[in-house]
Amino acid sequence: MNDPIDFAAHRARLFAIAYRMLGVRADAEDVVQDAWIRWQGADTSGVQSAEAWLVTVVTRLSIDRLRAAIAEREVYEGLWLPEPLVAVDEETPEAQAERASALSLAYMWLLQRLGPEERAAFLLRQVFDYDYNEVAEQLGKSEAACRQMVSRAGDRVQQGQSRFDIPADTHRQLLQRFVEASASGDKAAVRALLAEDLELVGDGGGKVKSFGIVITDPDKIAALYAGMHKLGAIEYRAAMVNGEPGLLRFVDGKLESAQGFATDGQRITGIYVVRNPDKLAHIVN
């Protein structure tokens, strides 16, 4: 049997890869568990790198599972966002690790433009910093093919990606102003914090009401947030949502959504609202 310490040393990275591929905590954990079972039963006497072996297994399992998930999501009601990873204390090791590489809901939303193998190649190279020869081995492709996949994926992802690297404190302060403006019910105050070119993506999963399209009208978005008090007692709590400052919204004391925000440092450029209760069940509040 292979040394469990070797596996444990790489478990966090394996989960990070699987989650970014799949966007569902349970699916990512299943992939990592499957990799553990294979690790226990495999003859790895000739393996030079446990990490390379395990990353290859997790990547290929994730590709297979993502192919099946894409077919399932074709009948998913409305827009699909990943299950959010939420940490109330931003200084936990988990939160710090999450901030170290692309994980935000906005970024994960963009990754859906990519096919399974393309997504894997892009993440392994651009997020996890593997060399092209390593990516080629992990995917069972030629190095030239991997370079092409990463280049094409980068073009598509960067088309919608913010070019701003915003400090967490700046991000947090903007959200606090947004919460205060929303609580006041002042549509103009909310609108002043929204960029002209922004998007609101909501995921209700057919379980709760949600828009089935991306909303890009800042006036409509401002009216939605300014009018939230009509639904009941609204409370926003700050949290780290997928490694960035975000908000948990409670209606009459019950968690209603987890929200991630993209910003240019001055205004909000994207709002990603996970309302599907199945995706909120794991959040401790």
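Quick caveat: nothing in here was measured; it's all calculated off a predicted structure.
Note that CD1 of I63 and CZ of R119 are 11.0 Å apart. Values are rounded to the nearest 0.5 Å. Taken to the nearest 0.5 Å, the CD atom of E137 stands 10.0 Å off from the CG atom of D131. To the nearest 0.5 Å, the span separating CD1 on I283 from OG on S257 amounts to 9.0 Å. The distance from the OG1 atom of T216 to the CG atom of L200 is 9.5 Å, given to the nearest 0.5 Å. To the nearest 0.5 Å, atoms CZ (R113) and CD (E118) are separated by 11.5 Å. In this structure, OG1 in T263 is found 5.5 Å from CD1 in I166, a value given to the nearest 0.5 Å.
For E77, the side-chain hydrogen bond (donor to acceptor under 3.5 Å, both in side chains) criterion is met by no residue, not counting sequence neighbours. With sequence neighbours left out, the salt bridge (charged side-chain N to carboxylate O under 4.0 Å, His left out) criterion links D278 to K207. Among residues two or more places apart in sequence or in another chain, the ring pair (Phe, Tyr, Trp, His ring centres under 6.0 Å) test is passed with Y19 by none. Residues meeting the side-chain hydrogen bond (donor to acceptor under 3.5 Å, both in side chains) test with R125, sequence neighbours left out: none. With sequence neighbours excluded, the residues forming a side-chain contact (heavy atoms from CB on, under 4.5 Å) with L198 are L194, P218, I221, listed by chain and number. Partners of E29 under the salt bridge (charged side-chain N to carboxylate O under 4.0 Å, His left out) rule, at least two apart in sequence or in another chain, do not exist in this structure. Partners of E256 by salt bridge (charged side-chain N to carboxylate O under 4.0 Å, His left out), not counting sequence neighbours, listed by chain and number: R249, R275. Partners of E180 according to the side-chain hydrogen bond (donor to acceptor under 3.5 Å, both in side chains) rule, which considers only residues two or more places apart in sequence or in another chain, are Q176. Every residue two or more places apart in sequence or in another chain was checked for a side-chain hydrogen bond (donor to acceptor under 3.5 Å, both in side chains) with Q148, and none qualifies.
A donor-acceptor pair shorter than 3.5 Å cannot be found between the side chains of N242 and Y107.
Side-chain contact between L111 and V157 is present, with at least one heavy-atom pair separated by less than 4.5 Å. Inter-residue side-chain proximity for I234 and V251 is flagged as met; some heavy-atom pair is nearer than 4.5 Å. The side-chain heavy atoms of N276 and Y76, taken from C-beta on, include a pair separated by under 4.5 Å. With a 4.5 Å cut-off on side-chain heavy atoms, R25 and L85 count as touching. Proximity of I17 to L124: side-chain heavy atoms (C-beta onward) are separated by under 4.5 Å at one or more points. Two residues are said to be in side-chain contact when any heavy atoms from C-beta on lie closer than 4.5 Å; D27 and V31 fail this criterion.
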Should W109 and V214 be marked as a side-chain contact (heavy atoms from CB on, under 4.5 Å) after you check the CA-CA gap, both sets of side-chain angles, and the distance that decides it? CA-CA 11 Å; W109 169 251; V214 177; 3.8 Å; yes
Stepwise side-chain contact (heavy atoms from CB on, under 4.5 Å) test for W80 and E72: CA-CA 11 Å; W80 191 94; E72 295 170 0; over 6 Å; no
Could you go step by step and tell me if M149 and V135 meet the side-chain contact (heavy atoms from CB on, under 4.5 Å) rule? CA-CA 11 Å; M149 282 194 291; V135 176; over 6 Å; no
Stepwise side-chain contact (heavy atoms from CB on, under 4.5 Å) check, V150 with Y132: CA-CA 9 Å; V150 171; Y132 277 108; 3.4 Å; yes
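Across every non-hydrogen atom of L174 and Q266, the tightest pair is CD1-O, 3.6 Å. Looking at every heavy atom in both residues, L139 comes nearest to C146 through CD1-SG, 4.2 Å. The two residues V274 and P84 have their closest heavy-atom pair at CG1-CD, 3.8 Å. Taking each heavy atom of M21 and L123 in turn, the nearest pair found is SD-CD1, 3.9 Å. Across all their heavy atoms, G202 and L79 have their closest contact at O-CB, 3.6 Å. Nearest heavy-atom pair, D203 versus S210, reported as atom, atom and distance to 0.1 Å: N-OG, 3.7 Å.
For an aromatic pair to be called close, the ring centres must be under 6.0 Å apart, and F178 with Y225 satisfies this.
Following chains of ILVMFWY side-chain contacts shorter than 4.5 Å, one cannot reach L110 starting from F261, and the two form parts of different hydrophobic clusters. Grouping the Ile, Leu, Val, Met, Phe, Trp and Tyr side chains by contacts below 4.5 angstrom, directly or via other members, places F7 with F128. Cluster membership check: L114 shares its hydrophobic cluster with L61, using side-chain heavy-atom separations under 4.5 Å among Ile, Leu, Val, Met, Phe, Trp and Tyr. By the rule that hydrophobic residues join a cluster once side-chain heavy atoms approach within less than 4.5 Å of another member, L248 and V179 end up as members of separate clusters. V86 and V24 fall into different hydrophobic clusters, where Ile, Leu, Val, Met, Phe, Trp and Tyr side chains are chained together by heavy-atom contacts under 4.5 Å.
For the salt bridge (charged side-chain N to carboxylate O under 4.0 Å, His left out) condition, the pairs that include at least one residue of residues 139-153, sequence neighbours left out, are E117-K141, E143-R147. Counting only residues at least two apart or in different chains, salt bridge (charged side-chain N to carboxylate O under 4.0 Å, His left out) contacts with residues 215-226 comprise R191-D219. Among residues at least two apart or in separate chains, side chain to side chain donor-acceptor pair (under 3.5 Å) pairs with a member in residues 50-63 are E51-Y130.
Judged by distance alone, with hydrogens and angles left aside, the side-chain atoms of K279 form a donor-acceptor pair with the main-chain N or O of L81 at under 3.5 Å.
Cation-pi check for R237 over F250 is met; the charged atom lies under 6.0 angstrom from the ring centroid and within 45 degrees of its normal.
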